[in-house]
Amino acid sequence: MPVARKGRSLFALMAAVPAFAHPVLPATAAPAPRRVVSMNLCTDQMAMLVAAPGQLHSVSFLAADPVSSVMAPQAGRYAVNHGQAEEIFLMQPDLVLAGTYTTGATVDLLRRLGIRVEQFAPENSFDDIRASLRRMGDVLGQPQRAEQLIADLDGRLAAVKVGDHADMTAAIYYANNYTSGSGTLIDDVMTKAGLVNIATKFGFAGLERLPLELLVLSDPDLLVTADRDYSAPALAQQGFEHPAFRAQAALSGAVDLASRYTICGAPFTVEAVRLLWQGADARKAAPK
């Protein structure tokens with residue numbers, strides 16, 4: 001891998017490289033990479049789970065944030081990057097992992113410099129998690145490790161007694177009055193916990209606002225919040241202080257689910273299922 005010579009910037013090198021000069025090979029045609037850099041929180045965590053010792057060189061700075069990352073303690077073993085093309089180029093990776101929403105200019109620049117970049121879409125279901133794990137296993141040359149993680153995930157899901165909470169409703173209530181409907185990871189988490197998502201019942205898809213009045217009228221059996229105890233003052237959190245919300249939280253069983261379990265889809269997302277199931281179980285034992 002060539003390194004920028006003294007006096008020549010990365011952008012000067014890029015200008016000299018035609019966009020067609022380095023075709024991107026499919027994952028199956030490439031040998032197992034030896035020096036991998038991840039520049040996306042979700043690929044950071046999945047790569048940390050799948051990669052062989054010494055194979056993963058760098059993860060993004062977000063991987064070390066305990067609010068966003070389940071694997072913050074493990075992130076300290078790797079070099080940190082901030083998703084900048086120049087710093088990643090100088091790390092001389094033979095593979096860069098990115099998300100589909102990663103800055104397009106950075107991804108394009110790295111590819112034009114001959115660096116292989118594999119992009120992963122966000123996971124919106126447990127089926128997506130399995131597919132991403134298998135693809136990460138193929139990309140890193142670790143398919144057996146990926147299958148082990150999938151088997152563990154499936155085993156932990158099977159241990160959840162879904163039928164225990166049949167017909168119990170749940171409402172997810174984020175900052176700024178947002179909720180998650182069909183086609184989202186948290187909706188699948190609720191389903192796996194045996195709960196009925198009221199947002200899906202209302203026909204919501206993706207991330208949408210849930211008026212406080214509608215939340216109260218729906219009277220869910222379980223009220224699920226995310227990072228409700230945010231320490232810094234924020235207007236986005238004011239909905240949690242409203243008297244109507246506080247009254248509903250007192251009536252419903254309340255679970256504050258750390259967002260790090262559902263920001264990215266991975267085997268640890270099963271923990272979100274377990275926490276919701278546990279909250280529903282406690283709610284069932286103490287009916288209104």
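Residue indices begin at 1 and follow the sequence shown.
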- Task: Applying side chain to side chain contact (heavy atoms under 4.5 Å, CB included), run through L49 and Q45 and close with a yes or a no.
- Result: CA-CA 6 Å; L49 288 167; Q45 296 183 92; 5.5 Å; no
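- With H82 contributing its side chain and Q84 its backbone, the two residues share no donor-acceptor pair below 3.5 Å.
- From L113, atom CG reaches atom CD of E86 across 10.0 Å, with rounding to the nearest 0.5 Å.
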- Message: Apply side chain to side chain contact (heavy atoms under 4.5 Å, CB included) to residues R112 and D108 and explain how you reach the verdict.
- Response: CA-CA 6 Å; R112 290 179 68 181; D108 179 65; 3.4 Å; yes
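- Under the side chain to side chain donor-acceptor pair (under 3.5 Å) criterion, R156 pairs with no residue at all, not counting sequence neighbours.
- Distance check, rounded to the nearest 0.5 Å: CZ of F268 to OG1 of T262 gives 9.5 Å.
- Distance alone, capped at 3.5 Å, is enough to place a donor-acceptor pair between the R111 side chain and the V117 backbone.
- Residues L95 and E118 share a closest heavy-atom pair of CD1-CG, 3.7 Å.
- In terms of modelled atom types and a separation under 3.5 Å, the side chain of Q278 and the main chain of L275 share no donor-acceptor contact.
- Paired with R116 under the rule side chain to side chain contact (heavy atoms under 4.5 Å, CB included), one option of V96, V139, L110 passes, and it is V139.
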- Query: So E123 and M46, side chain to side chain contact (heavy atoms under 4.5 Å, CB included) or not? Walk me through it.
  - Reply: CA-CA 11 Å; E123 292 78 25; M46 197 162 284; 4.2 Å; yes
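- The backbone N or O of M39 sits nowhere less than 3.5 Å from a side-chain atom of N81 that would complete a donor-acceptor pair.
- Side-chain contact of N124 with T184: a donor-acceptor pair under 3.5 Å is absent, judged by distance alone.
- L185 and I263 end up in different hydrophobic clusters when Ile, Leu, Val, Met, Phe, Trp and Tyr side chains are linked at under 4.5 Å.
- Note that the NE2 atom of H242 and the CD atom of Q248 stand 12.5 Å from one another [nearest 0.5 Å].
- In this structure, OG1 in T269 is found 12.0 Å from CZ in R260, a value given to the nearest 0.5 Å.
- Side-chain contact annotation: Q119 with N40, donor-acceptor N/O pair under 3.5 Å absent.
- For E147, the side-chain contact (heavy atoms from CB on, under 4.5 Å) partners two or more places apart in sequence, or in a different chain, are R134, I150.
- Of all non-hydrogen atoms in A51 and L56, the two that sit nearest each other are CB-CB, 4.0 Å.
- Looking only at distances, a side-chain donor or acceptor of Q55 sits under 3.5 Å from a matching main-chain atom of P33.
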Output side-chain donor-acceptor pairs under 3.5 Å for residues 195-212, partner residues at least two apart or in another chain, one line each.
| residue | atom | partner | partner atom | Å |
| --- | --- | --- | --- | --- |
| N197 | OD1 | A199 | N | 3.1 |
| N197 | ND2 | S180 | O | 2.8 |
| N197 | ND2 | D187 | OD1 | 3.0 |
| T200 | OG1 | D187 | OD1 | 2.8 |
| E208 | OE2 | A205 | N | 3.2 |
| R209 | NH1 | N176 | O | 2.6 |

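- The distance from the OG atom of S218 to the CG atom of L223 is 9.0 Å, given to the nearest 0.5 Å.
- You'll find the side chain of F245 reaches within 4.5 Å of the side chain of L215, heavy atoms only.
- By the criterion of side-chain heavy atoms lying less than 4.5 angstrom apart, applied directly or through intervening Ile, Leu, Val, Met, Phe, Trp or Tyr residues, V50 is grouped together with M48 in one hydrophobic cluster.
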Give the table of side-chain donor-acceptor pairs shorter than 3.5 Å for residues 97-106, with sequence neighbours excluded, one pair per line with atom names and distance.
| residue | atom | partner | partner atom | Å |
| --- | --- | --- | --- | --- |
| T102 | OG1 | G99 | N | 2.8 |
| T102 | OG1 | G99 | O | 3.1 |

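- Of the inter-residue distances, the one linking L41 atom CG with D65 atom CG reads 8.5 Å to the nearest 0.5 angstrom.
- Although no hydrogens or angles enter the test, the distance criterion places no donor-acceptor pair under 3.5 Å between the side chain of S69 and the main chain of P66.
- Considering every non-hydrogen atom in both F240 and A175, the closest pair reads CZ-N, 3.8 Å.
- Here the closest heavy-atom approach between residue I129 and residue A266 is recorded as CD1-N, 3.6 Å.
- Side chain of S125 to backbone of D188: no donor-acceptor contact under 3.5 angstrom is found.
- Qualifying side-chain contact (heavy atoms from CB on, under 4.5 Å) partners for V273, counting only residues two or more places apart in sequence or in other chains: F126, L157, V160, V189, K192, A193.
- Contact annotation: the side chain of M91 never approaches that of F89 to less than 4.5 Å [non-hydrogen atoms, C-beta and beyond].
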- Message: Quick one, Y78 with V37, criterion side chain to side chain contact (heavy atoms under 4.5 Å, CB included). Give me CA distance, side-chain angles, the key distance, then yes/no.
- Response: CA-CA 10 Å; Y78 307 94; V37 171; over 6 Å; no
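- Contact record, G279 with V255: CA-CG2, 3.7 Å, taken as the closest heavy-atom pair.
- Contact record, A79 with S58: O-OG, 3.0 Å, taken as the closest heavy-atom pair.
- Contact check for L222 versus S252: no side-chain heavy atoms found under the 4.5 Å cut-off.
- Aromatic pair Y173/Y178: ring centres not closer than 6.0 Å.
- H57 is not listed as a side-chain neighbour of Q92, based on a closest heavy-atom distance of 4.5 Å or more.
- Two residues are said to be in side-chain contact when any heavy atoms from C-beta on lie closer than 4.5 Å; S60 and L62 meet this criterion.
- Here the side chain of D221 pairs a donor or acceptor atom with the backbone of T169 at under 3.5 angstrom.
- Applying the side chain to side chain donor-acceptor pair (under 3.5 Å) test to R130 and every residue at least two apart in sequence or in another chain returns D127, D154.
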